[in-house]
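In each ligand, atom 1 is the first atom listed, and ligand 1 is the first ligand listed.
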Amino acid sequence: MMAARHLRLAGAPSLSLDSDELARDYERISATRQFQSGQRLAADLDIKPGERVLDLGCGTGLLAEHIAERVGPDGFVLGVDPLPLRIEIAHSKRRNNLRFEVGDAYHLDGIADGGLDVVVMNAVFHWLPEKTAPLLECARVLRAGGRVGISTMLKGQRTRVHEIASKVLAEPPFNSFPRPRPQLAFPVTADEMRAFFGMTGFVPSLIEVCESTRMWPSPEAAIRYSEVSTFGNFLGHLPPELRGRARIAIRQRLQNLMTADGIVHHGRRLVAIATRR
Ligand SMILES: C[S@@+](CC[C@H](N)C(=O)[O-])C[C@H]1O[C@@H](n2cnc3c(N)ncnc32)[C@H](O)[C@@H]1O
């Protein structure tokens, strides 16, 4: 069992704003979003039968379950996430070659050195305020020649939804409760990713900026997506009695973004694969 120690780095997202409802909705909503980029990452990593894989920041375990099918009965997948309510949902997917634990990318204490073939971080890296400690942990648990695969937000790629939300939250009465920092996540550029790999004992084989289109059928859906995928941090800095008002105010502004296809965001994200020296 892994020790669930949580190092609180300055500006790190809160890990105590999650709820049963957010976790359940994440499972449903991510099935057509993060899960798809995760499946592509697993294919790009060429995860093979028999491999031992860590899905780091596994959320509710959809991708870990998919990877367990890829590695088959001779392989093994461990899913780790700091949010107990998401791991609770993930447990229902447990089987002989798939296990889940509450844990944190900064402290993979319970995992032995050099025992893994692959570490996957899908939609997780941008949540880590400091990048070298988790990558050094990945390097420690991977065998020489093992791979790390990362699909993450690209720096400078804020959605219009988040821009509009930030404007609303900068107005009264919400501005009496400012966010700890203007942007919730800590995205990197392709060059920064390359540098982080270099500093932590990895040799990159792929660092690619990919087109990424997101569509939400309604303003409500866009807001809910933001709440579930930030595990409550999107509006979590506000007192509970103001969150409903903030949702209404953001929803009204988002109406302007509605097209016949709903709210559409054409953006870019970063996919990176590297091998441990
Ligand atoms: C958008 S979800 C992605 C979940 C999953 N990888 C997927 O593809 O659906 C981001 C996840 O990052 C996790 N996370 C945040 N901080 C973390 C940390 N320090 N260590 C490991 N995971 C973390 C969150 O708990 C959350 O489940």
Side-chain angles (χ1 to χ4, degrees), residues 2-20 22-45 47 53-68 77-91 93 98 100-111 118-138 141 148-153 159 162 184-187 212 214 224-234 236 269-271:
M2 199 176 304
R5 284 196 284 134
H6 297 161
L7 181 67
R8 302 303 303 141
L9 291 171
S14 169
L15 297 173
S16 54
L17 294 166
D18 202 23
S19 68
D20 286 326
L22 287 170
R24 233 178 347 203
D25 282 0
Y26 182 78
E27 165 88 348
R28 179 175 53 77
I29 294 169
S30 69
T32 55
R33 295 174 189 258
Q34 285 90 344
F35 182 44
Q36 289 181 348
S37 59
Q39 285 172 296
R40 275 197 297 276
L41 183 61
D44 287 346
L45 276 161
I47 296 177
V53 181
L54 170 65
D55 182 358
L56 187 48
C58 64
T60 58
L62 279 176
L63 178 61
E65 187 178 43
H66 167 77
I67 296 172
V77 180
L78 173 64
V80 167
D81 198 281
L83 299 175
L85 296 173
R86 307 224 170 180
I87 288 295
E88 210 173 294
I89 293 177
H91 278 319
K93 302 175 177 80
L98 174 60
F100 294 96
E101 284 186 14
V102 174
D104 195 293
Y106 290 92
H107 305 282
L108 299 174
D109 310 3
I111 305 180
V118 182
V119 178
V120 175
M121 277 189 267
N122 184 52
V124 173
F125 200 64
H126 50 262
W127 289 116
L128 306 176
E130 197 284 322
K131 312 294 188 189
T132 56
L135 283 175
L136 286 169
E137 275 293 76
C138 292
V141 299
V148 64
I150 295 173
S151 176
T152 188
M153 270 173 72
T159 65
H162 279 247
L184 290 172
F186 302 81
S212 145
R214 289 189 215 164
R224 194 61 183 158
Y225 176 80
S226 296
E227 294 193 279
V228 302
S229 53
T230 64
F231 27 101
N233 282 267
F234 183 60
R269 65 194 171 80
L270 192 60
V271 176

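The side-chain hydrogen bond (donor to acceptor under 3.5 Å, both in side chains) test applied to Lys131 returns no partner, not counting sequence neighbours. Every salt bridge (charged side-chain N to carboxylate O under 4.0 Å, His left out) that Arg224 has, sequence neighbours left out, goes to Asp25, Glu227. Taking Phe231 as the reference, Trp127 meet the ring pair (Phe, Tyr, Trp, His ring centres under 6.0 Å) condition, with sequence neighbours excluded.
Asp55 places no side-chain N or O within 3.5 Å of a backbone atom of Gly79 that could act as its donor or acceptor partner. Put simply, the side chain of Tyr26 never gets that close to the backbone of Tyr225: no donor and acceptor are under 3.5 Å apart.
If you look at ligand 1, the protein residues with a non-hydrogen atom under 4.0 Å away are Tyr26, Gln34, Gly57, Cys58, Gly59, Asp81, Pro82, Leu83, Asp104, Ala105, Tyr106, Asn122, Ala123, Val124, Trp127, Leu128, Ser229, Phe231.
The residues Glu88 and Arg24 are annotated as not salt-bridged, no charged nitrogen and carboxylate oxygen being separated by less than 4.0 angstrom.
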